[in-house]
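Both counts, for ligands and for their atoms, begin at 1 and track the order of listing. Reckoned from all heavy atoms, side chains included, excluding hydrogens, waters and symmetry mates.
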Amino acid sequence: MNHPMDLTAAVGGLSYLNPHAPEPWASFVEQIERVRPYLGELERWIETLKHPKRTLIVDVPIERDDGTVAHYEGYRVQHNLSRGPGKGGIRFHPAVTLNEVMALAGWMTVKNAAVGLPFGGAKGGIRVDPASVSKGELQRITRRFTSEIGLIIGPDRDIPAPDVGTNAMTMAVMMDTYSMNRGGTATGVVTGKPIALGGSLGRQEATGRGVYITAREAGRRLHLPIEGARVVVQGFGNVGGIGARLFHEAGAKVIAIGDHSGTWLNEGGIDIPAALAHVAAHGALLGFAGAEPVGIEDFWALPCEFMIPAALEGQITAARAERMRARVVVEGANGPTTPAADDILTDRGILVVPDVLANAGGVTVSYFEWVQDFSSFFWTEDEINARLERIMVQAFDAIWQVSQDKQVSLRTAAFIIACHRVLEARAERGLYP
Ligand SMILES: NC(=O)C1=CN([C@@H]2O[C@H](COP(=O)(O)OP(=O)(O)OC[C@H]3O[C@@H](n4cnc5c(N)ncnc54)[C@H](OP(=O)(O)O)[C@@H]3O)[C@@H](O)[C@H]2O)C=CC1
Ligand SMILES: O=C(O)CCC(=O)C(=O)O
């Protein structure tokens with residue numbers, strides 16, 4: 001079927017994040033296409049998933065501290081709302097593009113459906129380097145952006161959360177701005193907030209915890225215990241840093257870590273609390289004395305049991321996949337593996353736990369936060385972690401089963417389950433008017 005707006009063509013090309021990787025939206029569309037043969041009657045709705053429902057591009061002007069006026073481009077994409085309000089994070093990064101935000105929103109649709117959360121998929125971002133602006137400027141950017149996307153977000157419409165370059169403080173400012181504009185306190189408009197503003201215990205750790213749980217489940221299937229396993233982690237922020245800490249605490253040997261400032265190796269095992277303390281003090285791993293620098297291509301080729309990409313998209317390319325010596329890749333990041341690399345890893349017998357499952361712990365506890373805000377009744381951290389564990393293990397089991405039954409990768413299995421749920425909801429809501 002021809003669609004008047006061929007978004008794949010409009011925003012195609014190669015990724016800015018990695019010139020050897022396709023643009024993220026093209027990767028997402030290819031992943032959707034791979035599910036087509038498994039959709040049965042629902043196949044007639046598949047184009048729905050290849051066209052975001054709503055895309056808002058906003059101009060974010062602010063007065064800088066020196067009196068000049070600066071403009072930043074921001075986006076909120078609601079990829080699909082068939083199963084519930086939009087849900088997905090906000091990214092502040094100097095290279096954010098519409099193409100990337102569209103793909104990230106699409107992955108949220110699939111992720112939320114794959115783990116059974118009652119949400120559609122959305123994502124947002126601003127093309128800004130948070131490190132290049134003052135605290136006051138960042139707050140003004142966040143407030144103006146929130147007011148602009150206030151047209152389409154809301155506790156029952158679309159609920160943002162943190163992603164790369166944003167955190168609980170960003171969410172506090174977003175919640176405050178939205179509430180001021182509406183004339184009341186709307187805690188449920190964002191998740192990942194500080195605890196004092198209706199945030200949930202366990203949310204900050206949740207994505208890393210989900211990565212750890214799914215790695216452990218994959219390890220069980222392959223008889224690879226976490227204790228003593230060699231782990232490599234790219235990205236040492238919220239997801240990678242906390243994920244590395246949980247592996248370390250469980251007795252794994254985290255042998256290599258990296259962030260934008262470089263990659264480091266210590267085959268005896270890195271002291272992860274010391275590395276986290278270094279980043280807290282210096283803002284990056286650069287200068288960390290507990291490991292030796294290692295070249296980026298050697299980093300990806302390190303022999304290990306678990307490789308955890310937890311930075312950005314397009315990192316595991318076909319060339320890197322050919323050289324990788326991991327047993328399992330657990331995708332903490334969204335979209336770190338290109339479709340071509342995915343096939344190579346599968347052919348080489350390297351198990352990939354896909355992003356839409358592996359990093360779903362964050363949005364799962366965001367869901368808990370949203371529920372707690374609505375009921376104004378807050379749970380203990382033990383309750384939250386127990387519910388998270390249950391949802392992640394159930395989702396892993398279901399996806400594993402489909403992958404075994406249909407002899408497909410875990411990614412395609414997750415997409416089969418998710419696309420069925422989304423398109424069934426679409427079909428049951430009836431035909432477009
Ligand atoms: N936060 C969450 O709850 C969730 C996040 N995710 C995904 O996880 C990934 C990481 O997000 P999060 O941890 O929140 O983000 P953070 O901003 O907390 O951390 C990002 C990390 O990636 C590093 N990084 C950035 N660019 C590069 C690069 N080119 N090469 C190597 N490392 C790089 C950063 O290094 P530096 O600090 O030095 O710039 C930092 O260590 C993203 O793909 C995100 O979409 C998925 C689900 C939920
Ligand atoms: O917590 C959320 O709502 C979304 C987290 C997110 O952006 C993601 O899972 O990629």
Side-chain angles (χ1 to χ4, degrees), residues 15-18 21 24 85-96 100-101 103-112 114-115 117 119-125 129-131 158-168 170-171 189-193 199-200 202-211 233-244 257-264 275-276 278-280 282-286 288 296 299-300 308-315 330-337 354-370:
S15 171
Y16 67 85
L17 293 165
N18 185 340
K87 187 88 193 81
I90 299 280
R91 179 171 292 194
F92 286 4
H93 190 275
V96 163
E100 178 186 36
V101 177
L104 291 166
W107 284 318
M108 287 308 309
T109 299
V110 174
K111 185 185 310 182
N112 291 331
V115 292
L117 307 180
F119 293 126
K123 201 87 176 197
D129 179 1
D158 180 4
I159 306 113
D163 189 69
V164 175
T166 55
N167 55 28
T170 323
M171 295 305 117
V189 66
V190 289
T191 58
K193 300 179 294 294
S200 178
R203 172 60 185 90
Q204 209 196 325
E205 292 200 330
T207 311
R209 190 172 292 283
V211 167
V233 184
Q234 187 212 27
F236 210 63
N238 177 272
V239 180
I242 288 170
I257 53 180
D259 64 11
H260 88 271
S261 69
T263 35
W264 281 267
L276 289 168
H278 181 92
V279 171
H282 304 283
L285 283 167
L286 189 67
F288 176 58
I296 183 74
F299 174 87
W300 286 108
I308 321 287
L312 298 169
E313 303 91 64
Q315 299 299 300
V330 187
E331 295 184 334
N334 285 302
T337 310
D355 46 10
V356 293
L357 170 63
N359 70 32
V363 70
T364 300
V365 176
S366 276
Y367 165 53
F368 299 161
E369 180 173 332
W370 183 71

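- With a 4.0 Å cut-off on non-hydrogen atoms, Glu331 does not touch ligand 1 at all.
- Using 4.0 Å as the threshold, Gly192 has no heavy atom nearer than that to any atom of ligand 2.
- For the residue pair Arg203/Thr191, the side-chain donor-acceptor check at 3.5 Å is not satisfied.
- Taking distance alone, with nitrogen or oxygen atoms compared against 3.5 Å, Ala311 approaches ligand 1 more closely than that limit.
- Of the protein's non-hydrogen atoms, Lys111 NZ, 2.6 Å is the one closest to atom 9 (O) of ligand 2.
- Closest heavy-atom approach to atom 12 (P) of ligand 1 among the candidates Asn167, Val233, Thr207, Val239: Val239.
- The distance from ligand 2 to the heavy atoms of Asn334 drops below 4.0 Å at these ligand atoms: 10 (O).
- Here atom 47 (C) of ligand 1 lies nearest to Asn359 when heavy atoms of Thr364, Asn359, Leu104 are compared.
- Ligand-side atoms of ligand 1 in range of Gly165: 17 (O), range being under 4.0 angstrom from any heavy atom.
- Outside the 6.0 Å centre-distance limit, the rings of Trp264 and Phe299 are not counted as a close aromatic pair.
- Ligand-side atoms of ligand 1 in range of Arg203: 3 (O), range being under 4.0 angstrom from any heavy atom.
- Taking every heavy atom of Lys87 and a limit of under 4.0 angstrom, the matching atoms of ligand 2 come to 2 (C), 3 (O).
- Taking a cut-off of under 4.0 Å to the non-hydrogen atoms of Ala161, the atoms of ligand 2 that pass are 1 (O), 2 (C), 3 (O), 4 (C).
- Using a 4.0 Å cut-off between charged side-chain N and carboxylate O, Glu313 and Arg91 make a salt bridge.
- If you number the atoms of ligand 2 from 1 as listed, the ones under 4.0 Å from a heavy atom of Gly362 come out as 1 (O).
- Looking at Gln315 against ligand 1, nothing comes within 4.0 Å, counting heavy atoms.
- Remark: minimum distance from atom 5 (C) of ligand 2 to any protein heavy atom is reached at Arg203 NH2, 3.9 Å.
- For the pair Phe236 and ligand 1, the shortest N or O to N or O distance falls below 3.5 Å.
- Residue Ser366 approaches ligand 2 through these ligand atoms, each under 4.0 Å from one of its heavy atoms: 1 (O), 2 (C), 3 (O).
- Note that the OG1 atom of Thr166 and the CD1 atom of Ile90 stand 7.5 Å from one another [nearest 0.5 Å].
- Applying the 4.0 Å criterion to heavy atoms of Lys123 picks out, from ligand 2, the atoms 6 (C), 7 (O), 8 (C), 10 (O).
- Of all atoms in ligand 1, listed by their number and element, those nearer than 4.0 Å to a heavy atom of Gly237 are 13 (O), 18 (O), 19 (O), 21 (C), 40 (C), 41 (O).
- Across Asp259, Val211, Asn238, heavy-atom proximity to atom 32 (N) of ligand 1 is greatest for Asp259.
- Using a 4.5 Å cut-off on side-chain heavy atoms (C-beta onward), Asp355 and Lys111 make no contact.
- Residue nearest to atom 10 (C) of ligand 1, selected from Ala161, Ala310, Gly240, Gly235: Ala310 (by heavy-atom distance).
- Near Arg91, the atoms of ligand 1 lying under 4.0 angstrom from a non-hydrogen atom of the residue are 42 (C), 43 (O), 44 (C), 45 (O).
- Ligand 1 has an N or O atom lying under 3.5 Å from an N or O atom of His260, backbone or side chain.
- Those atoms of ligand 2 that come under 4.0 Å of a heavy atom in Gly89, given as number and element, are 4 (C), 6 (C), 7 (O).
- In Gln234, the part holding a heavy atom less than 4.0 Å from any atom of ligand 1 is the side chain.
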